[in-house]
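Report on the structure given below.
First listed ligand is number 1; within each ligand, the first listed atom is number 1.
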Amino acid sequence: MAKQRIGIYPGTFDPITNGHLDIIKRGLRLVDKLVIGVATNPSKDPMFSLSERVAVVERETHDMAKVAGVEIDVMPFDELLMKFAERVGADIIIRGLRAVADFEYEFQMTGMNYQINPNIETVFLMADPRYQTIASRLVKEVARYDGNIEAFVPSMVASEVVKRVNESKV
Ligand code: ADP
């Protein structure tokens, strides 16, 4: 039997958006198992704690994994991405690419990662055009100004973001 192909999709997921979910759905077609790595990222001062983000990613990807017949493992991580990828035995790293904004950063990071471990490929996927402009940071910003975020995140996530925004206002 051929070796299981393991992919890793890292991010902060603060919160998970329809853009992330579209990339995950596409990524599931490429691998036998997908590890979604949720980064601690304290420098980004996340709205949701690490355990909250892990639980939400698990909840929102559960059905997708079932439909695709691919195992999804959601794991927190707080180490160099390549170290984490090696530890879980990943063959590929999946990244989403939004227009030109992500390019410079992704270009540099992939180049450096190739030097750290040349055996793990980084694969870039493009989200459906409807989801390409969605960014977690903007979702939070829109919610802070009482804008409607229903089009950008799953409905339970929208309620959770609004709740968190309201809690921080009192
Ligand atoms: P990071 O903190 O590394 O930016 P994010 O959680 O924002 O992590 O995103 C994780 C990955 O998902 C990154 O590769 C990012 O480019 C990608 N991504 C986020 N939003 C979108 C989107 N709307 N379309 C395509 N890719 C996206």
**Any Met126 heavy atom less than 4.0 Å to ligand 1** = no
**Request:** Answer whether the closest heavy-atom distance between the side chains of Phe152 and Leu138 falls below 4.5 Å.
**Result:** no
**Request:** Identify, for atom 3 (O) of ligand 1, the protein heavy atom at the shortest distance, and state residue, atom and that distance.
**Result:** Arg95 NH2, 3.3 Å
**Asked** Which ligand 1 atoms, with their elements, are less than 4.0 angstrom from a heavy-atom of Asp102?
**Response** 16 (O)
**Item:** Enumerated ligand 1 atoms positioned under 4.0 Å from heavy atoms of Pro10
**Value:** 10 (C), 11 (C)
**Request:** Provide, to 0.1 Å, the distance between atom 6 (O) of ligand 1 and the closest protein heavy atom, together with that atom's residue and name.
**Result:** Thr12 N, 2.9 Å
**Request:** Looking only at protein heavy atoms, identify the closest one to atom 9 (O) of ligand 1 and say how far it is in Å.
**Result:** His20 NE2, 3.3 Å
**Prompt:** Of all the non-hydrogen atoms in the protein, which one sits nearest to atom 4 (O) of ligand 1, and at what distance?
**Reply:** Lys44 NZ, 3.5 Å
**Asked** atom 12 (O) of ligand 1: which protein heavy atom is closest, and how many Å away?
**Response** Tyr9 OH, 2.6 Å
**Candidate list Arg5, Gln4, Lys3, test side-chain hydrogen bond (donor to acceptor under 3.5 Å, both in side chains), partner Asp91, passing option** = Lys3
**Request:** Would you indicate whether Lys25, at its atom NZ, is surrounded by more than 12 heavy atoms from other residues, nucleotides or ligands within a distance under 6.0 Å?
**Result:** no
**Message:** With heavy-atom distances below 4.5 Å as the criterion, would you say the side chains of Glu58 and Ile36 are in contact?
**Reply:** no
**Asked** Quick one: does Tyr131 get an N or O within less than 3.5 Å of an N or O on ligand 1?
**Response** yes
**Prompt:** Tell me: protein heavy atom nearest atom 21 (C) of ligand 1, and distance?
**Reply:** Arg98 CD, 3.5 Å
**Request:** Please verify whether a non-hydrogen atom of Ala39 lies at under 4.0 Å from ligand 1.
**Result:** no
**Asked** Is there a side-chain contact between Val74 and Ile72, using heavy atoms and a 4.5 Å cut-off?
**Response** yes
**Request:** Answer yes or no: does atom OH of Tyr114 have more than 12 heavy-atom neighbours from other residues, nucleotides or ligands under 6.0 Å?
**Result:** yes
**Asked** Can Arg164 and Glu160 be counted as an ion pair, charged N to O under 4.0 angstrom?
**Response** no
**Request:** Kindly check if the number of other-residue, nucleotide or ligand heavy atoms within 6.0 Å of CD (Gln115) is above 12?
**Result:** no
**Message:** Just to confirm my output: which protein heavy-atom neighbour is closest to atom 26 (N) of ligand 1, and how far is it?
**Reply:** Gly96 CA, 3.4 Å
